[in-house]
Number of protein chains: 2
Amino acid sequence: MSSFLPTEQRLAVTRQRYPAFPRDAAVLIRLIKHIYKRVQDDANAMLRPYGINHPEYNLLMMLYGTEGYTLHPTELADAAGEKSANITRLTNELADKGLIARNASDEDRRKVTLTLTDQGVALIESFLPDVCALLEHQVGDLQSRDVVQLERLLKKFLDQLERE
Amino acid sequence: MSSFLPTEQRLAVTRQRYPAFPRDAAVLIRLIKHIYKRVQDDANAMLRPYGINHPEYNLLMMLYGTEGYTLHPTELADAAGEKSANITRLTNELADKGLIARNASDEDRRKVTLTLTDQGVALIESFLPDVCALLEHQVGDLQSRDVVQLERLLKKFLDQLERE
DNA sequence: TGTATATATTTCATATATGTACTATCTAAG
DNA sequence: CTTAGATAGTACATATATGAAATATATACA
């Protein structure tokens with residue numbers, strides 16, 4: 001039924017061989033990984049006709065979700081969970097496609113401002129119907145109680161991870 | 001406090017601009033992504049001294065969790081969530097390092113068997129104490145009730161995702 | 001048997017991501 | 001001022017991952 005069963009069986013074997021292995025933590029992390037890969041693949045497939053991939057989509061949506069459609073590269077990197085070196089490349093490509101504008105900040109001359117262009121906003125609003133459909137399909141018929149619980153617990157987990 | 005707050009604020013702005021945007025689904029997926037990246041980075045840092053990265057670690061552990069320490073490339077790809085083309089490269093590298101052996105299967109001559117070498121098992125057992133410590137640190141002081149709930153809900157989510 | 005189709009794996013060109021070192025600018029303490 | 005240390009962003013070499021086509025073998029069935 002679930003693609004995850006073999007993974008659990010492997011964890012059982014692992015614990016026979018190395019009893020101290022923390023099963024629960026490992027299950028959580030492997031589940032996160034399976035889910036992430038699946039979501040990423042689905043999103044890439046959906047976005048391909050629009051000429052962008054999932055990381056580019058994320059950057060565009062971070063700007064779309066910001067007042068003034070503008071962020072600095074470092075902010076964008078944090079928001080999207082990308083490394084700064086990668087932001088340079090990705091935003092250069094988005095700028096080449098005319099979806100965002102790169103400008104020098106005059107408040108701080110080390111900084112660059114990244115702003116959605118009208119064309120960028122238009123592209124986003126053209127794919128949003130498909131994105132919404134995909135997102136709704138992904139949660140599918142999960143009970144809304146479950147979704148709320150899951151959000152609460154994932155936040156707790158993320159907090160814990162960041163507690164260093 | 002949490003690195004996730006700005007993300008939620010952006011979702012609020014997004015919904016002002018595009019009210020149909022499914023907030024809950026998007027929050028879940030962004031949480032998954034943040035957690036995944038964090039876990040991946042931490043694991044890579046921990047594994048570096050052992051000369052392997054997180055994907056390689058995963059492959060080794062899938063074999064370690066299998067009776068006979070042996071899988072075919074396709075099975076390994078499914079288990080580890082990697083694409084088959086990537087498995088070829090990764091397993092070649094692991095074979096070059098002497099950690100696994102590649103052999104032709106005589107049951108089906110299209111197939112290849114990938115088996116942990118003694119050296120591979122020894123490497124795994126040398127890093128397992130650090131891995132266990134990291135895993136335990138990652139779940140930290142999450143209540144065990146929460147961990148159980150989270151596992152249940154993530155499985156439900158994964159099932160839903162795979163329901164096509 | 002022979003032929004069509006499916007499966008397992010690899011090859012290769014290309015796309016994507018990272019670490020590290022570097023430049024420029026800012027901030028603050030003397 | 002000016003100098004030391006922090007911060008913002010980028011360049012470049014290298015590492016990692018992907019899709020699509022190619023190769024070999026297996027299976028089904030006419």
Side-chain angles (χ1 to χ4, degrees), chain A residues 33 36-60 70-97 100-115, chain B residues 33 36-60 70-97 100-115:
Chain A
K33 191 179 162 195
Y36 175 76
K37 296 232 173 193
R38 177 65 187 232
V39 164
Q40 171 108 332
D41 284 353
D42 288 354
N44 275 326
M46 193 242 91
L47 292 166
R48 177 173 303 234
Y50 297 97
I52 59 171
N53 57 26
H54 197 208
E56 291 171 326
Y57 161 81
N58 271 315
L59 300 192
L60 293 175
T70 297
L71 287 171
H72 300 296
T74 302
E75 294 170 321
L76 191 51
D78 289 346
E82 300 288 345
K83 308 287 159 70
S84 64
N86 207 23
I87 289 293
T88 300
R89 177 182 62 86
L90 288 166
T91 56
N92 279 335
E93 288 170 7
L94 291 172
D96 288 347
K97 293 178 189 169
I100 66 176
R102 299 177 65 93
N103 290 107
S105 159
D106 34 47
E107 147 222 330
D108 181 337
R109 284 163 54 198
R110 292 171 302 181
K111 289 188 178 174
V112 166
T113 65
L114 303 164
T115 308
Chain B
K33 191 179 162 192
Y36 175 77
K37 295 232 174 193
R38 177 65 186 234
V39 165
Q40 171 107 332
D41 283 354
D42 288 355
N44 274 327
M46 191 242 94
L47 292 166
R48 177 173 306 233
Y50 297 97
I52 60 170
N53 57 26
H54 196 209
E56 290 171 326
Y57 161 80
N58 272 316
L59 300 192
L60 293 176
T70 298
L71 288 171
H72 300 298
T74 302
E75 294 170 322
L76 191 51
D78 289 346
E82 300 288 346
K83 306 287 158 72
S84 62
N86 206 23
I87 289 293
T88 300
R89 178 181 61 85
L90 288 165
T91 55
N92 279 335
E93 288 170 9
L94 291 172
D96 289 347
K97 292 177 189 168
I100 66 175
R102 299 178 65 92
N103 290 106
S105 159
D106 34 44
E107 148 222 331
D108 180 337
R109 285 162 55 199
R110 293 170 302 181
K111 290 187 179 175
V112 166
T113 66
L114 303 164
T115 307

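We name chains A, B, ... by the order of the sequence lines, and we start the count at 1 in each one. Hydrogens, waters and symmetry mates are skipped; everything else that's a heavy atom, side chains included, is used. Just so it is clear, the model here is predicted, and its values are computed rather than measured.
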Participant: Less than 3.5 Å between a donor and an acceptor, one on the side chain of R110(B) and one on the base of dT7(C), is that the case here?
Facilitator: yes
Participant: Surrounding CZ of R102(A) (heavy atoms of other residues, nucleotides or ligands, distance under 6.0 Å), is the total greater than 12?
Facilitator: yes
Participant: On DNA chain C, compare the nucleotides closest to K37(B) and P73(B); which residue's is nearer the 5' end?
Facilitator: P73(B)
Participant: Let me know, please, whether K111(A) or R48(A) comes out on the 5' side of the other along DNA chain D by nearest nucleotide.
Facilitator: K111(A)
Participant: If you round to the nearest 0.5 Å, how far is CG of L90(B) from CG of L114(B)?
Facilitator: 11.0 Å
Participant: Quick one: on DNA chain D, does E56(B) or S84(A) contact a more 5' nucleotide (nearest heavy atom)?
Facilitator: S84(A)
Participant: How do D108(A) and E93(A) order along DNA chain C: which one's closest nucleotide is nearer the 5' end?
Facilitator: E93(A)
Participant: Roughly, in whole Å, what's the span from CG in L90(A) to P in dG9(D)?
Facilitator: 15 Å
Participant: Please determine whether a side-chain nitrogen or oxygen atom of N53(A) lies at a distance below 4.0 Å from atom OP1 or OP2 of dT16(C).
Facilitator: yes
Participant: Between G81(A) and K37(B), what is the shortest heavy-atom contact and its length?
Facilitator: O-CD, 3.2 Å
Participant: What integer distance in Å separates D78(B):CG from dT9(C):P?
Facilitator: 10 Å
Participant: Do any side-chain nitrogens or oxygens of T74(B) fall under 4.0 Å of OP1 or OP2 in dT9(C)?
Facilitator: yes
Participant: With side chain to side chain contact (heavy atoms under 4.5 Å, CB included) as the criterion, how do E82(A) and N58(A) come out once you've worked through the C-alpha distance, each side chain's angles and the decisive distance to 0.1 Å?
Facilitator: CA-CA 10 Å; E82(A) 300 288 345; N58(A) 271 315; 5.7 Å; no
Participant: Given dT9(C), dG9(D), dT25(D), identify the nucleotide with an atom nearest to the side chain of R109(B).
Facilitator: dT25(D)
Participant: Figure out the CD/P separation between E82(A) and dT10(D), and round it to whole Å.
Facilitator: 15 Å
Participant: Side chain of K83(A) only, please: which of dA26(D), dT16(D), dG19(C) is the nearest?
Facilitator: dG19(C)
Participant: Measure from the side chain of N86(B), starting at C-beta and using heavy atoms only, and say which of dT10(D), dT18(D), dC26(C) lies closest.
Facilitator: dT18(D)
Participant: Heavy atoms from C-beta onward define the side chain here; which of dT9(C), dA20(D), dT20(C) lies closest to that of A85(B)?
Facilitator: dA20(D)
Participant: Rounded to whole angstrom units, what separation is found between the CD1 atom of I87(A) and the P atom of dA11(D)?
Facilitator: 15 Å
